[in-house]
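Reminder, nothing fancy here: chain letters follow the sequence lines and each chain counts from 1. FYI, side chains are in, hydrogens and waters are out, and symmetry mates aren't considered; it's all heavy atoms of this structure.
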Amino acid sequence: MGCSKNKAWVVHCLLIAGALTMLIPFLWMIITSLKTLMESTMIPPTLIPSTCQWSNYADVWNSLPFAAFYANTFGMIFFRILGSVFFSATAAYAFARIEFPGRDFLFGIVLVTMMIPGQLFLIPQYDIVAKLGMLNTMFALVMPGIVSAFGTFLLRQFFLSIPKELEEAAILDGCSRWQVFWKIMLPLTRSGLIALGIFTALFAWKDLMWPLIANTSLEEMPLASGLASLQGQYSTNFPQLMAGSMIAIWPMLLLFVIFQKHFIEGISGTGSKS
Amino acid sequence: MMKINKRKGKDYAWAYAMVGPTILGLIILNIYPLLKSFYLSFTKSNGFGISKWVGLANYERLAADPAVYQATLNTMIYTVVSVAAGVFLSLVVAVLLNEKIRGKGIYRTIYFLPVVSAPAAIAMVWRWLYNADAGLFNYVLSVFGISGVHWLTDPKTALMAIVIVGVWSMIGYNMVILLAGLQEIPRTYYEAAELDGAGPIRKFFSITLPMISPTLFFVVVTTIIGSLQVFDFIFMMIEPSNTAMQYTQSLVYLFYKHSFMMGDRSYGAAIVMVLLVITLIITAIQMKLQKKWVHYD
C-alpha cells in the first residue's frame with residue numbers, strides 16, 4: 001500500500017512538471033498581454049502586471065479587422081465541415097457497401113491523394129481559384145477542403161465495422177439504397193461523423209499557407225493568416241501581439257473545453273481505425 | 001433474375017452518384033494539381049503566365065543549389081529529432097496517464113491545449129519566450145549565470161528552438177492516440193505478469209510495448225509525414241533577413257519562398273517534387289519495417 005502511494009506521488013510529480021511546461025507559454029501570453037510595452041521589457045520580468053492594460057486588447061482589435069477574421073474562420077470551418085462530412089459519408093458508404101465496376105480503381109484515387117504531401121497541390125489550386133476570379137473570397141478559403149480523401153477513408157472504416165445484416169433486412173423490406181444510407185447507416189456512424197467534423201475544423205483552423213496565398217486582402221483573411229499580418233505590423237510589440245493571440249485562440253479553446261469528450265474520442269479512434 | 005439485374009443497375013447508379021462528388025473533387029483539386037505541378041517542374045515561366053518547356057533545367061539548377069541541400073538536411077534533422085523526442089515524450093505521458101490516478105481529465109485537457117491553438121499564436125508566444133533581450137528563458141538562464149543566448153538568430157540553436165516548439169505542440173495529440181491504445185490492453189495481462197514477479201520495466205517491455213506497437217507505428221508514421229512538411233513555425237519565427245534562416249528553412253519553406261515570394265513557380269514545383277520523393281521513400285521503408293516490429297494480433 002505504502003509503495004503504491006509513493007508511486008502515485010511520482011506519477012503526479014512528473015505529470016505536473018509536464019503540465020506546467022504546457023501551461024507556461026499560455027500563462028506568459030496572458031500576463032504579457034496585460035503589460036505596458038515598457039513593463040514587458042523589464043528585467044527581472046514582473047509576474048503580475050502592475051496595472052492591467054486592457055487597452056492592449058482594444059488597440060489590437062481596432063488596428064485589424066478581427067470581426068472579419070472571426071467570420072471568415074468560422075465560415076470556412078462551417079462550409080468545409082458541411083461539404084467534407086456529407087460528400088465523404090456518401091462516398092465512404094458506397095465504397096464500403098456497394099460492389100460496382102471500377103470501385104477499386106476509384107478508391108485507389110482516394111488512397112493516392114492521402115499519401116501525397118498537400119503542398120504539391122497548392123500552385124495549381126491557386127491557378128484554378130485565380131482563373132475563376134475567386135481570390136480573396138470565402139469560396140477560396142473553402143474550396144480545397146470541400147471534399148476529403150482522409151474523411152472518405154476514415155468513414156469507410158466506420159461503415160465496414162457495421163454488421164451487414166442490418167441493411168440486408170432493410171433492403172428486403174423494400175428500402176432504397178438512399179433510405180438505407182440516410183436512415184439506417186448514417187445514424188450508426190454518428191461518432192465517425194463527429195470525429196471527421198472535428199478533424200476538418202482543426203485542419204482548417206490550423207492551416208496557414210493556403211490562406212496566406214489565396215486571401216491576401218485583410219478583410220478576407222481567417223485568424224491564422226490575420227495573426228501573421230499582425231506580427232508584420234507590430235513585430236516586437238509583444239504586449240499587443242500577445243493580446244492579438246489571445247483574441248484569436250480563445251474561441252477554439254472554449255469549443256475544445258466544451259466538446260472535449262468528442263475531441264478526445266474522435267482523435268483516439270483514428271489510431272486503431274486506420 | 002431480371003429483378004436482381006435491375007437491382008444491380010440501380011445500385012451502380014447509386015454508387016456512382018454517391019462517390020461522384022468526392023472523386024470529381026479529388027480529381028480537380030488533387031490529381032490534376034499533382035500532374036500540373038509535375039509538368040510545371042519541367043517548364044520556365046516568363047512571369048506573364050506563359051511557360052515554356054525547359055526539360056530538366058529546374059532539376060539541374062536544384063542539384064547545384066546549396067540551399068536545397070541545406071533545406072533537405074534541415075528538414076531531415078527537424079524530422080528525426082522531433083519524431084524521436086515527440087513520440088517518446090507522448091508515450092511517457094500516455095503511460096503515466098494510464099496509471100490509476102486522480103485528475104486524469106485535467107491533465108489531458110492541459111496537454112491538449114496546444115493542439116487546438118493556432119500555430120501563428122503559438123509561434124508568437126514562443127518567439128517572445130525566446131527573445132534574446134527580454135525573453136523569459138534568457139532571464140531564467142541568467143539566474144544560473146548563463147546570459148544572452150540568441151535562440152532564434154544563432155544558427156547553432158535556431159533549428160533546435162523550432163524543434164522544441166514542434167514537440168511541445170504535438171505531445172497532446174499523440175498522447176491521446178497512444179492512451180487509447182494503452183487502454184485496450186487487458187489488465188489481466190499485467191496481473192498475470194505480476195504473479196510471475198515481473199517489475200514495471202519488465203512489464204513495459206514485454207507487454208506494453210508489443211501490445212501498443214500498431215498504435216505506436218501509426219503515431220510514428222503520421223508524425224514523420226507531418227514533420228517533413230514543417231513550415232508554420234519557421235515562417236512565423238524566423239524572419240527572411242535572419243542569418244539563421246539558411247540553417248532552419250525547410251523544403252516546404254523553400255518551396256513557399258520560390259513559388260509565392262519570388263514568383264518562380266517552376267522552381268518551386270521542382271523543390272516540392274524532392275519532398276514527394278522523400279515522402280514516398282520513407283513510406284516504402286516504413287512498410288518494410290512495419291513487418292519487422294509491429295505485432296498485430
Side-chain angles (χ1 to χ4, degrees), chain A residues 8 11-12 14-15 18-19 22-23 25-26 28-29 32 41 43-45 87-88 90-91 93-95 98 100 106 109 113 115-117 119-121 123-125 144 146-147 149 152 177 205-206 208-209 213 223-224 227-228 231 238 241-242 245 248-249 252-253 256 260 264 267-268 271 274, chain B residues 11-12 14-15 18-19 21-23 25-26 29-34 36-37 40 93 96 99 101 107-111 113-114 116-121 124-126 128-129 134 136 139 173 176-177 179-181 215 218 229 231-232 236 252 255-256 259-260 265 268-269 272 275-276 279 283:
Chain A
V11 170
H12 274 298
L14 290 170
L15 283 172
M22 291 291 137
L23 279 178
F26 289 102
W28 202 234
M29 189 187 281
T32 306
T41 57
I43 292 175
F87 293 137
S88 300
T90 57
Y93 172 77
F95 280 129
I98 307 176
F100 57 95
L106 293 178
I109 292 183
T113 311
M115 280 198 282
I116 307 293
Q119 292 79 16
L120 273 105
F121 312 137
I123 298 174
Q125 283 180 345
I146 198 74
V147 295
T152 306
R177 270 290 171 191
W205 163 244
K206 301 190 88 168
L208 177 63
M209 207 193 290
I213 300 164
L223 285 160
L227 278 181
Q231 178 165 286
F238 283 103
L241 290 177
M242 295 301 100
S245 300
I249 64 172
M252 200 51 142
L253 291 183
F256 165 63
Q260 206 189 134
I264 303 290
I267 288 167
S268 55
S274 295
Chain B
D11 267 3
Y12 291 169
W14 272 118
M18 288 174 102
V19 300
T22 293
I23 294 297
L26 293 181
L29 296 169
N30 302 114
I31 301 297
Y32 159 73
L34 173 67
K36 182 77 189 293
S37 283
L40 270 178
V93 175
L96 292 175
E99 294 289 331
I101 49 156
Y107 286 124
R108 207 176 50 186
T109 310
I110 292 172
Y111 283 94
L113 289 179
V116 287
S117 305
M124 274 195 244
V125 71
W126 279 88
W128 172 223
L129 289 165
L136 185 61
Y139 169 69
Y173 188 86
V176 165
I177 298 176
L179 186 56
T215 316
F218 173 80
Q229 300 174 26
F231 167 78
D232 301 355
M236 289 295 295
V252 171
F255 154 76
Y256 176 82
S259 309
F260 300 106
R265 301 145 87 236
V272 87
L275 179 72
L276 175 64
T279 306
T283 308

May I ask you to name which of [options] has the most heavy-atom pairs under 4.5 Å with chain A?
| options | result |
| --- | --- |
| Pro119(B), Ser259(B), Ala180(B) | Pro119(B) |
| Pro114(B), Gly268(B), Gly181(B) | Pro114(B) |
| Val176(B), Thr283(B), Val93(B), Leu40(B) | Val176(B) |

With only heavy atoms counted, which part of [X] is less than 4.5 Å from chain B, the side chain, the backbone, both or neither?
| X | result |
| --- | --- |
| Met242(A) | side chain |
| Gln260(A) | side chain |
| Thr41(A) | both |
| Ala248(A) | neither |
| Ile213(A) | side chain |
| Leu15(A) | both |
| Leu241(A) | both |

In terms of the angle between their ring planes, are Trp28(A) and Trp128(B) parallel, tilted or perpendicular, with boundaries placed at 30° and 60°?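 Rings of Trp28(A) and Trp128(B): parallel, under 30°.
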
Between [X] and [Y], which heavy-atom pair has the shortest distance, and what is it?
| X | Y | answer |
| --- | --- | --- |
| Met124(B) | Phe238(A) | O-CE2, 4.0 Å |
| Leu29(B) | Phe121(A) | O-CB, 3.8 Å |
| Ala120(B) | Ala224(A) | CB-O, 3.7 Å |
| Pro117(A) | Leu276(B) | CD-CD1, 3.7 Å |
| Phe100(A) | Ala15(B) | CD2-CB, 3.3 Å |
| Ser117(B) | Leu253(A) | OG-CD2, 3.9 Å |

Sort [X] into side chain, backbone, both or neither according to what part of it lies under 4.5 angstrom from a heavy atom of chain A.
| X | answer |
| --- | --- |
| Leu179(B) | neither |
| Thr109(B) | both |
| Tyr111(B) | both |
| Ile31(B) | side chain |
| Ile23(B) | side chain |

Under the criterion side-chain contact (heavy atoms from CB on, under 4.5 Å), I'd like the reasoning laid out for Met22(A) against Tyr107(B): C-alpha separation, chi angles, the key distance, then a yes or no. CA-CA 10 Å; Met22(A) 291 291 137; Tyr107(B) 286 124; over 6 Å; no

Just by distance, do the side chain of [X] and the backbone of [Y] share a donor-acceptor pair under 3.5 Å?
| X | Y | value |
| --- | --- | --- |
| Gln231(A) | Met236(B) | yes |
| Thr22(B) | Phe87(A) | yes |
| Glu99(B) | Ala8(A) | no |

Counting heavy-atom pairs closer than 4.5 Å to chain B, which one of Met29(A), Met252(A), Met115(A), Arg177(A) comes out on top?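 Of the candidates given, the most pairs with chain B belong to Arg177(A).
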
Run the side-chain contact (heavy atoms from CB on, under 4.5 Å) test on Phe255(B) and Ile123(A) for me, step by step, so that the C-alpha distance in whole Å, both residues' side-chain angles and the decisive distance to 0.1 Å come before the verdict. CA-CA 10 Å; Phe255(B) 154 76; Ile123(A) 298 174; 3.8 Å; yes

Atom [atom1] in [X], atom [atom2] in [Y]: separation rounded to 0.5 Å?
| X | Y | atom1 | atom2 | value |
| --- | --- | --- | --- | --- |
| Met209(A) | Phe260(B) | CE | CZ | 7.5 Å |
| Leu26(B) | Ile109(A) | CG | CD1 | 7.5 Å |
| Ile249(A) | Leu113(B) | CD1 | CG | 8.5 Å |

Test side-chain contact (heavy atoms from CB on, under 4.5 Å) applied to Gln125(A) and Asn30(B), step by step: CA-CA 8 Å; Gln125(A) 283 180 345; Asn30(B) 302 114; 4.1 Å; yes

